[in-house]
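Take a look at the structure below.
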Amino acid sequence: MGIAISPQIHPQVADFIDKPRKMLINGKWQNAVSGKTFPTYNPATGEVLAQVAEGDRDDIDQAVRAARKAFDQGPWHRMTPSERGRLLWKLADLLEQHTEEFGYLESLDNGKPLAVAKAADVPLAVDLFRYMAGWATKIEGNTLPISVPYTPGAKYLAYTLREPVGVVGQIIPWNFPLLMAAWKLGPALATGCTVVLKPAEQTPLSALRLGELVQEAGFPDGVVNVVPGYGETAGAALAAHPDVDKIAFTGSTEVGKLIVHAAAGNLKKVSLELGGKSPNVVFKDADLDTAIPGSASAIFFNHGQCCCAGSRLYVERSVYERVIEGVAEEARKIKVGSGLEPDTQMGPLVSEEQLRRVCGYLEAGLSEGAQAVVGGQKAGSKGYFVEPTVLVNTNEKMKVVKEEIFGPVVTAMPFDNPEEILPRANDSEYGLAAAVWTRDISKAHQLAANLRAGTVWINCYNIFDAAMPFGGYKQSGWGREMGHDVLNLYTQTKAVCAKLA
Ligand code: NAP
Ligand code: MG
């Protein structure tokens, strides 16, 4: 079954996608209770890549029960922080040993270039697990010097414990399937939580393979459960489940709001990493030799399917023409093709639905008067390819400037002075990221302080590290992933107060 396996495909990957993939519940690989499966597609060809067990309410229920048992009674809750850290480190080692294989899985399922998956997605996931492994032994409470006014003379020992929040539901998107699984699993496991993970329907394969490595690393049964399925069924059941203590979600702002509603039933804790429409600001005093390719990669990296993509390009008027022409030239040079071709720099969008969405935005922009300096349409006759696109003659009233396109489309606008740019850059319901290109360090840091965004890059873009917190202001989300900030999302504080005799 599946696509004809080209000889280029890594043999273990060919083997992996050749069989219908099961779900991981309580340490066992099993079919869906309903017996149903769903297809995942190769976006470079539109053909079915593999069949995957379709989890639903009943499977989510089983997985939550397994995670609850593992949290309350299993060997996991008796393990020392050091043992948890070592398991995470082992998982990182295993993943690193399988870099090639995961690169192929990501490229086939998501469409991204193999070279990018191997250079970015897999190493970033490995590093995240190692970073979080280190935290397992460093999650500390405080001792509190208290002075209770109504018990004069009494002495107390007061302290806090940082405890794992419990059973965590995690719902992830398709743009960085493995890396998003790592961002979610790493902190949950470092803090001692147990997990039910639902990957995106478009890209379930790497999370399922990671589930095998979780077992190989030796995590006890039920600590990590992976239930693929659709958002409206499996995802919704997980978000609403009364025995889930916390839900962590990455995806669209629209679904983020549904998650909040679903979580209200038992008031589970919620963290959200949502959409963006990030401003990328180039000043005339920038080093244009780095700002131009940097601004191109800000939008075209991962085919623009990044929540933090630099999709609103603002350029100071005196260098506007030069920067736009430079970014357009970068776009023209991008080799678009199947992710498995060695010279491919941009693959297809993830799905036909996404292709339709992005093309819909292109049509809307062009009909509202925007002009494509380069690109502007679908590319190729099969697969879900779109030309890297630079739109000019745009303004803040246009749909293409206001809404997240999630494709390789940047809207460019000139500005006249530094005072004007801050309100324009902040004029968005989103606040995930922003960038500033300038040689003037005062200007750069003043803007960094005033931009309403969770991440500000100065003279760079798309720099991620496990130590750097990531998340959104405004409607781009709640909470921060990565860094030590993320530990707050997966722990809760208990205050203990003992009266000393
Ligand atoms: P999405 O629907 O928000 O999907 C994200 C995750 O949520 C997937 O696992 C999805 O499952 C699940 N989901 C969907 N509906 C759900 C529900 N009612 N309850 C619980 N879980 C649910 O995103 P999308 O439809 O794939 O993409 C649409 C747009 O979202 C994109 O064009 C882009 O603008 C934005 N997006 C943002 C990010 C980001 O990183 N911030 C990532 C992806 C997409 P299914 O896979 O089955 O739908
Ligand atoms: Mg969806």
Side-chain angles (χ1 to χ4, degrees), residues 38-41 43 52 54-57 60 109-110 112 169-177 179-181 183-184 196-207 226-241 244 247-265 268 270-278 301-309 311 349-361 384 386 399-400 402-409 429-433 454-455 462 464 470-472 474-479 481:
F38 69 100
T40 179
Y41 298 90
V52 177
E54 184 190 324
D56 199 342
R57 178 178 303 274
I60 290 290
D109 211 10
N110 164 280
K112 62 181 69 201
Q170 303 185 320
I171 300 176
I172 55 172
W174 42 258
N175 52 346
F176 294 90
L179 188 58
M180 291 303 100
W183 282 23
K184 294 279 182 282
V196 178
L197 175 73
K198 192 206 87 69
E201 73 192 56
Q202 297 86 348
T203 55
L205 297 178
S206 55
V226 185
V227 181
Y230 294 114
E232 293 77 3
T233 51
L238 186 56
H241 203 289
V244 169
I247 190 95
F249 170 79
T250 298
S252 60
T253 293
E254 189 191 343
V255 174
K257 290 177 186 178
L258 296 178
I259 300 284
V260 171
H261 284 288
K268 56 174 69 65
V270 179
S271 54
L272 304 168
E273 202 264 274
L274 307 174
K277 190 74 187 177
S278 300
F301 174 64
N302 213 43
H303 328 165
Q305 301 170 134
C306 292
C307 43
C308 55
S311 50
L349 299 185
V350 75
S351 64
E352 194 172 355
E353 183 188 350
Q354 200 59 19
L355 175 69
R356 270 200 306 269
R357 263 178 72 94
V358 173
C359 290
Y361 274 111
Y384 314 134
V386 171
K399 204 170 139 78
V400 282
K402 285 211 292 249
E403 296 180 18
E404 182 175 50
I405 299 177
F406 228 65
V409 182
E429 66 191 30
Y430 296 115
L432 194 56
T455 297
N462 283 333
F464 301 99
F470 185 83
K474 299 192 265 184
Q475 293 193 38
S476 289
W478 288 352
E481 301 201 279

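In each ligand, atom 1 is the first atom listed, and ligand 1 is the first ligand listed.
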### Where ligand 1 meets Gln354 - atom numbers and elements under 4.0 angstrom, heavy-atom basis
31 (C), 32 (O)
### Query
With sequence neighbours excluded, what pairs up with Thr203 under the side-chain hydrogen bond (donor to acceptor under 3.5 Å, both in side chains) test?
none
### Query
Quick one: which ligand 1 atoms are inside 4.0 Å of a heavy atom on Gly235?
19 (N), 20 (C), 21 (N)
### Message
Below 4.0 Å, non-hydrogen atoms only: which portion of Glu353 touches ligand 1? Side chain, backbone, both or neither.
### Response
neither
### Task
Mind listing the closest non-hydrogen atom pair of Ile60 and His241 along with its distance?
CG2-CD2, 4.2 Å
### Message
Does either side chain, that of Tyr361 or that of Glu403, offer a donor lying less than 3.5 Å from an acceptor on the other one?
### Response
yes
### Query
What pair of heavy atoms forms the shortest contact from Gly276 to Ser476, and how long is it?
CA-OG, 4.1 Å
### Query
Between Gln305 and ligand 1, which part of the residue brings a heavy atom under 4.0 Å of the ligand: side chain, backbone, both or neither?
neither
### Task
Kindly identify the option in Arg357, Glu254, Lys257 whose heavy atom sits closest to atom 28 (C) of ligand 1.
Arg357
### Task
Describe, in one word, how the ring planes of Phe406 and Trp174 are oriented to each other, choosing from parallel (under 30°), tilted (30 to 60°) and perpendicular (over 60°).
perpendicular
### Summary
Near Ala236 (heavy-atom distance under 4.0 Å), the atoms of ligand 1 are 19 (N), 20 (C)
### Message
Geometry only, no angles: is Gly231 polar-contacting ligand 1 at N/O separations under 3.5 Å?
### Response
yes
### Query
Which heavy atom of Pro43 sits nearest a heavy atom of Leu349, and at what distance?
CB-O, 3.2 Å
### Message
Tell me the nearest of Glu273, Glu201, Lys198 to atom 11 (O) of ligand 1, using heavy-atom distances.
### Response
Lys198
#### Entry: Heteroatom distance test (Gly251, ligand 1): nitrogen or oxygen, under 3.5 angstrom
yes
### Message
Against ligand 1, does Gly229 come closer than 4.0 Å with any heavy atom?
### Response
yes
## Note on the structure
Near Ile172 (heavy-atom distance under 4.0 Å), the atoms of ligand 1 are 6 (C), 8 (C), 9 (O)
### Query
With a cut-off of 4.0 Å, which atoms of ligand 1 are near a heavy atom of Glu404?
33 (C), 34 (O), 35 (C)
### Least distance between heavy atoms, Lys184 atom then Thr250 atom
NZ-OG1, 2.6 Å
### Query
Counting heavy atoms only, which part of Ala200 comes closer than 4.0 Å to ligand 1: side chain, backbone, both or neither?
both
### Query
Do Phe470 and Trp183 have their ring centres less than 6.0 Å from each other?
yes
### Summary
In ligand 1, the atoms that come under 4.0 Å of a heavy atom of Leu274 are 41 (N)
### Message
Quick test of your reading of the structure: of Thr250, Val255, Leu197, Leu349, whose heavy atom lies closest to atom 5 (C) of ligand 1?
### Response
Thr250
### Task
Within a distance under 4.0 Å of any heavy atom of Pro173, pick out the atoms of ligand 1 and give their elements.
42 (C), 43 (C)
### Message
Please list, in number order, the atoms of ligand 1 under 4.0 Å from a heavy atom of Gln202.
### Response
26 (O), 46 (O)
### Task
Given side-chain hydrogen bond (donor to acceptor under 3.5 Å, both in side chains), test Gln475 with Lys257 step by step and report yes or no.
CA-CA 10 Å; Gln475 293 193 38; Lys257 290 177 186 178; 2.9 Å; yes
### Contacts of Lys198 that satisfy side-chain hydrogen bond (donor to acceptor under 3.5 Å, both in side chains) - sequence neighbours left out
none
### Proximity flag Phe249 to ligand 1, non-hydrogen atoms under 4.0 Å
yes
### Task
Might you point out which heavy atoms bring Val227 and Gly55 nearest each other, and give the distance in Å?
CG1-CA, 3.8 Å
### Message
Minimum heavy-atom separation for Asn175 and Cys307, please, with both atom names.
### Response
ND2-N, 4.1 Å
### Query
Under a 4.0 Å heavy-atom limit, does Leu238 contact ligand 1 with its side chain, its backbone, both, or neither?
neither
